[in-house]
Amino acid sequence: MRSNSITIIRGGTVQVEHTLFSGQSFVWNKSNHTPGIYSSVIDGSSVLIQQINPTSFSVTTGANNLYGIPLRRFFERYFSLDIATQMLFDEEFHTRFPELTARLLYLEGLRVLRQDPYETLVTFMCAQGIGMAMIRRQVSMLCRCFGRETKEGVNGIDTPLFSFPAPSDLAGADPELLRGCCNNNSVRAGNIREASRLVALGKLDLQALSDPSLPLSELQAELTALKGIGYKIADCIALFGMGRFDAFPIDTHVEQFLSAWFGIGSHQKGLSQKRYLHLQEKAVDLLGTSLSGYAGHHLFHCWRTTERNMKAF
DNA sequence: ATCCAGGGAACCC
DNA sequence: GGGTTCCATGGA
């Protein structure tokens, strides 16, 4: 088994090894003219990711620590280096699905990031029934219109970088401007504004909801109580923004591979709430309870790239 | 041109 | 309980 490691190269740069950077997160911007370069803003600081080879990259920032945590330790957590790919599927799975096991090998090192809960909440509220490109455009516009421009840049970043807006920034956003950032969808803009208001007021405590001891069903209930958040988006927030690797979101792609690869559910359009929970129960039954969502993301990625011939990013 | 893209909710019976 | 329609827009 490969050891997962982060190496300090120099002051503000660490090298992350045995890790695929898939651009799964909507807050990472792909460089327009330099392939393999991604940028984002974390804790107010510009951060640059540079691909070194398919399974390792360097992360550079002007800050010496993020959220008060030394760089190396922060990114060990951010990139979930405590989770090894070999932990995702057990022997029974390998035995039952040998072909699929072989196909998943190229995804060794694909990690689910531990991202900021609020960023994840808003960005996935932007992800309803539209393509990745549209979701990214909305997130990018939200940052440009309501985020803060970072003061210090990083070598290699030529475009101005904006942080993701704070809850209070979107809570008090001009409705028309916010709608323009949300694909002209006024309902979505209103939902994001209201959720941000609750977070800003402390009525929606995302840190408290991130408590790993909270039962997943309770977390689901808390998040789906918000307008604009159904089971799928709630599970995505839990998985990508709260480190709940046991949360298993089902979107159109997941519904397809559950049917095609595992015979779970038949090809059918529309996921009713009851059917969603039924399919989720079957999936967790197959993949185990603790890392089912993490494993599901590998399957999601494999399905899109090898079966549907879609781009990773 | 037609269909789909990491859904959700209001509304129908 | 389910099924249908709308929201919106860019790309294939």
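In what follows, chains are A, B, ... by sequence order, proteins preceding strands, each numbered from 1.
Within 4.0 Å (heavy atoms only), A/C182 reaches no atom of the nucleic acid at all. At a threshold of 4.0 angstrom between heavy atoms, the contacts of A/F240 include nucleobase atoms, whether or not backbone atoms are also involved.
For B/dG8, neither phosphate oxygen OP1 nor OP2 lies less than 4.0 angstrom from any side-chain nitrogen or oxygen of A/R188. An OP1 or OP2 oxygen of B/dA9 is reached within less than 4.0 angstrom by no side-chain nitrogen or oxygen of A/K232. In this model, the phosphate group of C/dT9 is not approached by any side-chain N or O of A/N183 to a distance below 4.0 Å at OP1 or OP2. Within the structure, a side-chain polar atom (N or O) of A/S272 is placed less than 4.0 Å from OP1 or OP2 of C/dG2. Side-chain N/O atoms of A/N184 include one lying less than 4.0 angstrom from OP1 or OP2 on C/dT9. For B/dA5, one of the phosphate oxygens OP1 or OP2 lies less than 4.0 angstrom from a side-chain nitrogen or oxygen of A/R308. At C/dA8, one or more side-chain N or O atoms of A/S186 fall inside 4.0 Å of OP1 or OP2 (strictly under the cut-off).
Between A/H297 and A/F300, the ring planes are parallel. Angles under 30° get that label, and only those over 60° would be called perpendicular.
Rounded to a whole angstrom, the distance from the P atom of B/dG6 to that of C/dG1 is 30 Å. Comparing the P positions of B/dA9 and C/dG10 gives an interatomic distance of 25 Å, to the nearest angstrom. Using atom P as the reference point in both C/dG11 and B/dG8, the two lie 24 Å apart (nearest Å).
Out of B/dG8, C/dT9, B/dG6, the shortest distance to the side chain of A/I233 is found at B/dG8. Checking B/dG6, C/dC7, C/dT9 against every side-chain atom of A/N185, the shortest atom distance belongs to C/dC7. For A/F26, the side-chain atoms get nearest to B/dG6 when compared with the rest of B/dG6, C/dG1, C/dT9.
In this structure, a donor-acceptor pair under 3.5 Å is absent between the side chains of A/Q15 and A/T7.
Rounding to whole angstrom units, CZ of residue A/R275 and P of B/dG7 are separated by 14 Å. Straight-line distance from the CD1 atom of A/I250 to the C1' atom of B/dA5: 18 Å, rounded to whole Å.
Pair assignment for C/dT9: B/dA5, on the basis of Watson-Crick or G-U wobble contacts that are both within less than 3.5 Å.
A/L20 is not listed as a side-chain neighbour of A/Y106, based on a closest heavy-atom distance of 4.5 Å or more.
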Stepwise salt bridge (Lys or Arg N to Asp or Glu O under 4.0 Å) check, A/R275 with A/E255: CA-CA 10 Å; A/R275 201 165 98 88; A/E255 184 188 12; 2.2 Å; yes

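If you find the closest nucleotide of DNA chain B to A/I229 and to A/D251, the one lying nearer the 5' end belongs to A/D251. Comparing A/A133 and A/I130 by the nucleotide of DNA chain C whose heavy atom lies nearest to each, the residue mapping closer to the 5' end is A/I130. The nearest heavy atom of DNA chain B to A/Q273 and to A/H253 marks one nucleotide each, and the one closer to the 5' end goes with A/H253.
If you run ring-ring contact (aromatic ring centres under 6.0 Å, His included) between A/F240 and each of A/F245, A/F26, A/Y78, A/F124, only A/F124 comes through.
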